[in-house]
Peer 1: 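Okay, handing you the structure first.
Proteins get letters first, then strands, A, B, ... in listed order; numbering begins at 1 in each.
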Amino acid sequence: MKDLLSIRSYSTRPKEHAHSYNQLVLPLQGMINIRVGTFNGKVSPRECVIVRSNEMHLFTAEKEARFIVADLKKLPDLIEDSPHIVFEISKPLSQYLLFIESQLENEFSPAIEQAMLNTFKLLLCEQRLTPKLDIRINNALLYIEQNISEPIIISDLAKVACLSPTQFKKNFKKQLGITVLEYITSLRMKKAQALLTHTDYPLQIIAEQVGYTSLSAFSRKFSQYFGLSPTKFKQ
DNA sequence: TCTTCACTGCAGGTAAAGCC
DNA sequence: GGCTTTACCTGCAGTGAAGA
């Protein structure tokens, strides 16, 4: 058996089964009901289910559901050692799955498929392996990602999560282990790092792209976060 | 489990000065 | 000219306590 990426739709195999290889199930759209190990529940896009080799599992999916399945002889160490069965995937991996879907649907190219598999594994190694989150917190995370270049205030996030601001802040820290502001800042700094590395945008534009209306505030925060100013980082 | 309230500390905006 | 640093100020985030 060799490692393989494939697209699946709703299950035509609603029987409990196991196989000799590992499998990662990553929904693209719609919900999947899955029973594996101690987990028995729904999995949605931006989540990944780990099915280890020889582990009995059963899954069914909504008719409109589509998902990527990765059959792997060996799991990356990070995932192999993970105590979680379902974990959140990053935005880059989520978007890469859409590329994989498009490529697999439209072309047959063993060389590209091998390259896709390699990139997929690299992206897997970058995952933070945060456990499946409360849907309300997940909605807030999506809102943050979609609005990272705008000023983001807790009361708006709390509305998205259908919680009071205080309850939202407490739940957020309980589930992610960091405060809302720490999470937003880390996203902004990573994006700023990428823009500084891959573009020639002036600092004012980069500051705006990552949600700072004040260049000085951006420069100060960047220096605190990375230990050197944006200009020195670029050099 | 959740909301409200009060308190503290910090992040971010502004302005000004200085550096390259 | 573009960027960084710093001081000051304000508003908001974080958190604990009390209560529904």
Side-chain angles (χ1 to χ4, degrees), chain A residues 31-35 37-49 82-92 94 126-235:
Chain A
M31 292 279 197
I32 301 175
N33 299 297
I34 187 156
R35 190 171 77 214
T38 56
F39 180 83
N40 185 4
K42 291 181 185 298
V43 182
S44 52
R46 296 219 52 189
E47 293 174 343
C48 174
V49 186
S82 169
H84 310 304
I85 294 171
V86 180
F87 65 91
E88 299 285 320
I89 64 170
S90 67
K91 187 177 179 184
S94 178
E126 297 289 314
Q127 300 309 298
R128 292 197 309 134
L129 290 180
T130 49
K132 182 176 169 63
L133 297 172
D134 185 317
I135 185 73
R136 297 168 298 183
I137 300 299
N138 212 17
N139 287 341
L141 294 182
L142 285 174
Y143 180 90
I144 292 171
E145 282 181 8
Q146 287 163 2
N147 295 277
I148 196 68
S149 59
E150 307 292 330
I152 297 171
I153 56 173
I154 297 275
S155 57
D156 287 346
L157 295 173
K159 279 180 195 164
V160 170
C162 300
L163 290 168
S164 71
T166 303
Q167 195 60 26
F168 170 71
K169 286 183 265 187
K170 287 176 180 173
N171 272 351
F172 191 98
K173 183 157 190 186
K174 187 178 172 188
Q175 293 193 42
L176 277 87
I178 55 175
T179 66
V180 180
L181 214 55
E182 285 170 343
Y183 179 81
I184 292 172
T185 299
S186 73
L187 279 192
R188 286 181 165 156
M189 291 302 112
K190 282 175 190 165
K191 182 170 181 181
Q193 186 184 34
L195 289 173
L196 282 166
T197 305
H198 301 129
T199 73
D200 62 351
Y201 297 164
L203 286 192
Q204 181 65 49
I205 298 296
I206 291 176
E208 288 169 8
Q209 292 270 319
V210 298
Y212 289 89
T213 55
S214 157
L215 179 56
S216 72
F218 166 68
S219 178
R220 178 172 51 203
K221 179 51 77 180
F222 192 94
S223 298
Q224 282 174 1
Y225 195 86
F226 290 109
L228 69 173
S229 68
T231 307
K232 285 183 181 152
F233 178 86
K234 202 175 174 70
Q235 285 165 354

Peer 1: Go through the structure and list residues passing side chain to side chain donor-acceptor pair (under 3.5 Å) with A:N33, not counting sequence neighbours.
Peer 2: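 Counting only residues at least two positions away or on another chain, A:N33 forms a side chain to side chain donor-acceptor pair (under 3.5 Å) with A:K42.
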Peer 1: Could you list the residues that satisfy side chain to side chain donor-acceptor pair (under 3.5 Å) with A:S90, not counting sequence neighbours?
Peer 2: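 Side chain to side chain donor-acceptor pair (under 3.5 Å) list for A:S90, sorted by chain: A:Q127.
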Peer 1: Tell me every residue that passes salt bridge (charged side-chain N to carboxylate O under 4.0 Å, His left out) with A:R46, counting only those two or more places apart in sequence or in another chain.
Peer 2: A:E145
Peer 1: Can you tell me if the side-chain N/O atoms of A:R136 get under 4.0 Å from OP1 or OP2 in B:dC2?
Peer 2: yes
Peer 1: Going by heavy atoms closer than 4.0 Å, what residues in residues 154-166 of chain A are next to DNA chain C?
Peer 2: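 Under 4.0 Å from DNA chain C: A:I154, A:T166.
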Peer 1: Using whole Å, what does the distance between atom P of nucleotide B:dA11 and atom CZ of A:F218 come to?
Peer 2: 16 Å
Peer 1: Could you tell me the separation between the CD1 atom of A:I154 and the CG atom of A:L163, rounded to the nearest 0.5 Å?
Peer 2: 11.5 Å
Peer 1: Send over the distance from A:K221 NZ to B:dG13 P, rounded to a whole Å.
Peer 2: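 Distance, rounded to whole Å: 11 Å.
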Peer 1: Can you tell if the side chain of A:V210 reaches within under 4.5 Å of the side chain of A:I148, non-hydrogen atoms only?
Peer 2: no
Peer 1: Got a sec, which residues hit side chain to side chain donor-acceptor pair (under 3.5 Å) with A:S216, two or more places apart in sequence or on another chain?
Peer 2: A:S214
Peer 1: Using a 4.5 Å cut-off on heavy atoms from C-beta on, say whether the side chain of A:Y225 contacts that of A:S186.
Peer 2: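 A side-chain contact exists here, since the closest heavy-atom pair is under 4.5 Å.
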Peer 1: Working to the nearest 0.5 angstrom, can you tell me the gap between A:E47 CD and A:I32 CD1?
Peer 2: 10.0 Å
Peer 1: Using a cut-off of 4.0 Å on non-hydrogen atoms, how would the nucleic acid contact of A:K170 be classed: base, sugar-phosphate, or nothing?
Peer 2: base
Peer 1: Would you please name every residue forming a side chain to side chain contact (heavy atoms under 4.5 Å, CB included) with A:S149, sequence neighbours left out?
Peer 2: none
Peer 1: Can you tell me how far P of B:dC2 sits from CD of A:Q167, to the nearest Å?
Peer 2: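 Value for this atom pair: 5 Å.
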Peer 1: Report each atom pair, protein N/O against N/O of nucleotides 8-10 of chain B, whose distance is under 3.5 angstrom.
Peer 2:
none

Peer 1: In whole angstrom, give the distance that lies between atom CD1 of A:I153 and atom C1' of B:dG13.
Peer 2: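 Nearest whole value for this atom pair: 16 Å.
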Peer 1: Give every pair of a protein N or O atom and an N or O atom of nucleotides 14-19 of chain B that lie under 3.5 Å apart, one pair per line with the distance.
Peer 2:
from: B:dT14; atom 1: O4; to: A:S216; atom 2: OG; distance (Å): 3.4

Peer 1: Checking side-chain contact (heavy atoms from CB on, under 4.5 Å) for the pair A:N139/A:L157: CA distance, chi angles, key distance, verdict?
Peer 2: CA-CA 9 Å; A:N139 287 341; A:L157 295 173; over 6 Å; no
Peer 1: Identify, with sequence neighbours excluded, every residue that meets side chain to side chain donor-acceptor pair (under 3.5 Å) alongside A:K221.
Peer 2: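 With sequence neighbours excluded, A:K221 shows a side chain to side chain donor-acceptor pair (under 3.5 Å) to A:Q224, given in chain and number order.
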Peer 1: Starting from P on B:dG12, measure out to CZ on A:F222 and report it in whole angstrom.
Peer 2: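 Going from A:F222 (CZ) to B:dG12 (P), I get 14 Å.
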Peer 1: Reading DNA chain C 5' to 3', which nucleotide is the first, and which the last, to come under 4.0 Å of any heavy atom in chain A?
Peer 2: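 So the outermost contacting nucleotides come out as C:dC3 to C:dA17.
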Peer 1: For residues 171-193 of chain A, pull every pair meeting ring pair (Phe, Tyr, Trp, His ring centres under 6.0 Å), keeping only residues two or more places apart or in separate chains.
Peer 2: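 Listed once each, the pairs are A:F168-A:F172, A:F172-A:Y183.
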Peer 1: Contact class for A:Y212 vs. all strands (heavy atom < 4.0 Å): base, sugar-phosphate, or nothing?
Peer 2: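 Since only primed, P, OP1 and OP2 atoms lie under 4.0 Å of A:Y212, the category is sugar-phosphate.
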Peer 1: With sequence neighbours left out, which residue pairs that include part of residues 179-198 of chain A fulfil the salt bridge (Lys or Arg N to Asp or Glu O under 4.0 Å) condition?
Peer 2: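 The answer is none; no pair qualifies.
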